[in-house]
2 protein chains.
Amino acid sequence: MLLTFTEENYLKAIFKITERAVKVASTNMVAEQVNTSAASVTDMLKKLSDKGYINYEKYKGATLSPTGVKVATQLIRKHRLWEVFLHDKLKFPWEQVHEIAEQLEHINSDDLISRLDNFLGNPRFDPHGDPIPNSEGKFMLRNQTSLDMVHSGQRVLVVGVTQHSVDFLKYLNQLKVKLGTAFKVMAVTDYDKSITLEKDGAETLTITHQVAKNLLVKFQK
Amino acid sequence: MLLTFTEENYLKAIFKITERAVKVASTNMVAEQVNTSAASVTDMLKKLSDKGYINYEKYKGATLSPTGVKVATQLIRKHRLWEVFLHDKLKFPWEQVHEIAEQLEHINSDDLISRLDNFLGNPRFDPHGDPIPNSEGKFMLRNQTSLDMVHSGQRVLVVGVTQHSVDFLKYLNQLKVKLGTAFKVMAVTDYDKSITLEKDGAETLTITHQVAKNLLVKFQK
DNA sequence: TTACACATTTAGACAAGTCTAAAAATAAGA
DNA sequence: TCTTATTTTTAGACTTGTCTAAATGTGTAA
């Protein structure tokens, strides 16, 4: 069964919302994700429910059905593979790949995606450090923490970001922070939770709690 | 000004129709190209005319305006560059690239296309031998004839096809005819205009007039 | 030049996705 | 539990692109 561009975006939105702590996607949450009105969302949820992609009860919100999950993870797979292509092959900076991948992810061809995956060397993470689901929709798991959970003295390696906005990524460029950057945590301020880090060499930088929350790291022994 | 997927397809259709002998695209011709009804075409021609992309007079048919030509050639540029990508990088056979490129051509990003062009080594022809317009929309011209215009004794090199249907291209695969294949014309039958060719080595094959018409060749001295 | 065939346009309708405004349901505080 | 604030849904309308059926225009053969 063929889904429209729009339907696909709704499924992806619901997936994103229910991926973490939230178990059920509310109408308003979806509306914010797809940047539309709550009324439009209600209509679409009804439609997607009729088609079997989501479980939806009036006033109770929506979750993806198994079919819905499949569609959403395949979209994410396509999105992230295209991001790798744009970054690795076409040399786009990481802050520019998301927007173009939003278009490319809707291209319809299984053969295309499996060939692209191969061409790229079956990458397991995209340019932001997000895992790329395999063709069965399985994600690679990884031991990671957001940088606001660390303590003074710990050594960490940047492995991802939880925010893909151009502004945030450009700010990281400015700080010369990218995937693979290693830090030692020098201090965590009680007052505003800002964190002072020392880069591999000697440079020191201080970031706000806001920034730390959006940086994913893994611990180094 | 942003065009919809559908509007772009109409402009491309009018371009294709008026590219050769026909000077004006009639409603029915467009309807056949975009695979829709004449009534729908009339509506769309009115709209595209209002927006300044075509010159259209009731009952007289349509031609592209300068802006329309620009849009259409950029679409063709994108289409053919993606075809090169699919064929050269992802190793799709030439009969499969068209369909996927029909989707990819609508992706919107000038930067993407200029990077893709570079990544591919600024190719000047697509996998079917069609010239790729440059970013100003200029086409490379080439001395070429369709194979039904040749005479016995002439030596030719296959440089293109005028038909991109999967069936036709698969038939050529079967005959082991591809871009760059060299032939000597052995005989042209008066009766049915079928042509007997000798391949570089020694193999001989006979093709119908229908096939010959759709093969583009250039002469070898 | 008339008559007919064919091409084209108009009229009216429909589906998808959107909107605003109003109504209804739910949640939360006193 | 009652009242109010917030969320969600419904109602009705609009846009885009499509359709069929009917009306109109154009071109050609007799």
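Residue numbers start from 1 in every chain, and the chains themselves are labelled A, B, ... in the order their sequence lines are given, proteins ahead of strands.
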Check nucleotides 5-10 of chain D against the protein and report each pair of N or O atoms closer than 3.5 Å, with its distance, or say if there are none.
residue: D:dT8; atom: OP2; partner: A:N28; partner atom: N; Å: 2.9
residue: D:dT8; atom: OP2; partner: A:N28; partner atom: ND2; Å: 3.3
residue: D:dT9; atom: OP1; partner: A:Y56; partner atom: OH; Å: 2.2
residue: D:dT9; atom: OP1; partner: A:Y59; partner atom: N; Å: 2.8
residue: D:dT9; atom: OP2; partner: A:T27; partner atom: OG1; Å: 2.8
residue: D:dT9; atom: OP2; partner: A:T42; partner atom: OG1; Å: 2.8
residue: D:dT9; atom: OP2; partner: A:Y56; partner atom: OH; Å: 3.3
residue: D:dT9; atom: O4'; partner: A:Y59; partner atom: OH; Å: 3.4
residue: D:dT10; atom: OP1; partner: A:K58; partner atom: NZ; Å: 2.5
residue: D:dT10; atom: OP2; partner: A:K46; partner atom: NZ; Å: 2.8

Residues which pass salt bridge (Lys or Arg N to Asp or Glu O under 4.0 Å) with [X], listed by chain and number, not counting sequence neighbours:
| X | answer |
| --- | --- |
| B:D148 | none |
| A:K51 | A:E7 |
| A:E57 | none |
| A:D43 | none |

Exercise. Does B:T4 have a side-chain nitrogen or oxygen under 4.0 Å from the phosphate oxygens OP1 or OP2 of D:dT16?
Worked result: no
Problem set entry | A:S37 side chain near C:dC19 phosphate (N/O to OP1/OP2, under 4.0 Å) |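 It does, given that an N or O in the side chain of A:S37 lies less than 4.0 Å from OP1 or OP2 of C:dC19.
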Exercise. For A:S114, what residues pass the side-chain hydrogen bond (donor to acceptor under 3.5 Å, both in side chains) criterion, not counting sequence neighbours?
Worked result: none
For this session: Decide yes or no on side chain to side chain contact (heavy atoms under 4.5 Å, CB included) for B:E83 and B:D130, but give the supporting numbers first.
Result: CA-CA 10 Å; B:E83 285 195 343; B:D130 294 316; 5.7 Å; no
Can you list, pair by pair, the side-chain donor-acceptor contacts under 3.5 Å of residues 98-109 of chain A, counting residues two or more places apart and other chains?
residue: A:H98; atom: ND1; partner: A:H79; partner atom: NE2; Å: 3.2
residue: A:H98; atom: NE2; partner: A:E102; partner atom: OE2; Å: 3.2
residue: A:E102; atom: OE1; partner: A:K12; partner atom: NZ; Å: 3.2
residue: A:E102; atom: OE2; partner: A:K12; partner atom: NZ; Å: 3.1
residue: A:Q103; atom: OE1; partner: B:N108; partner atom: N; Å: 2.7
residue: A:Q103; atom: NE2; partner: B:N108; partner atom: O; Å: 3.1
residue: A:E105; atom: OE1; partner: A:K12; partner atom: NZ; Å: 3.4
residue: A:E105; atom: OE1; partner: A:H79; partner atom: ND1; Å: 2.8
residue: A:E105; atom: OE2; partner: A:K12; partner atom: NZ; Å: 2.7
residue: A:H106; atom: ND1; partner: A:E8; partner atom: OE1; Å: 2.5
residue: A:H106; atom: NE2; partner: A:N9; partner atom: OD1; Å: 3.1
residue: A:H106; atom: NE2; partner: A:E102; partner atom: O; Å: 3.4
residue: A:S109; atom: OG; partner: A:L112; partner atom: N; Å: 3.0

Would you kindly give the [atom1]-to-[atom2] distance between [X] and [N], to the nearest whole Å?
| X | N | atom1 | atom2 | value |
| --- | --- | --- | --- | --- |
| A:L48 | C:dA16 | CG | P | 12 Å |
| B:M44 | C:dT9 | CE | C1' | 16 Å |
| B:L2 | D:dT15 | CG | P | 19 Å |
| A:L3 | C:dA16 | CG | P | 13 Å |

For this session: Using a cut-off of strictly less than 4.0 Å between a heavy atom of the residue and any atom of DNA chain C, enumerate the qualifying residues of residues 8-18 of chain B by number.
Result: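 The stretch gives none, as no residue of it lies under 4.0 Å from the strand.
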List, one per line, each side-chain donor-acceptor pair under 3.5 Å for residues 208-219 of chain A, sequence neighbours excluded.
residue: A:T208; atom: OG1; partner: A:V211; partner atom: N; Å: 3.3
residue: A:N214; atom: OD1; partner: A:T162; partner atom: OG1; Å: 2.9
residue: A:N214; atom: ND2; partner: A:Q210; partner atom: O; Å: 3.2

